[in-house]
Amino acid sequence: MAKTIKVTLKKSTIGCKKDQIATVEALGLKKIHQCVEKPDNPQIRGMIFKVQHLVEVAE
């Protein structure tokens, strides 16, 4: 089984840069406190790093 990580949107994207908003949407997050499971790979980790001030990650 492939490793997954849970990503939760903790802060609003209002006032964020357009590329950060696009990254949050690409992760599949639309509403605050919404949680999605994503595969644990370098691409997803890079997206999370870009918006680390908006999301919370659980292994």
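Side chains are part of it too, since the values below use all heavy atoms of this structure and drop only hydrogens, waters and symmetry mates.
Grouped with V55 in one hydrophobic cluster are I5, V7, L9, V24, L27, L29, V36, I44, M47, I48, V51, L54, V57, the linkage being side-chain heavy-atom contacts under 4.5 Å among Ile, Leu, Val, Met, Phe, Trp and Tyr residues. Annotation for F49: hydrophobic cluster partners, listed by chain and number, are none (ILVMFWY side-chain heavy atoms under 4.5 Å, direct or chained).
E37 meets the side chain to side chain donor-acceptor pair (under 3.5 Å) test with T4; sequence neighbours excluded. Scored by the side-chain contact (heavy atoms from CB on, under 4.5 Å) test, I21 finds T13, C16, E25 as partners (sequence neighbours excluded).
Applying the salt bridge (charged side-chain N to carboxylate O under 4.0 Å, His left out) test to residues at least two apart or on different chains, the pairs with a partner in residues 38-51 are D19-K50, D40-R45, R45-E59.
Using a 4.5 Å heavy-atom cutoff, the side chains of H53 and K11 are not in contact.
For Q34 against G28, the heavy-atom pair with the smallest separation is NE2-O, 3.4 Å.
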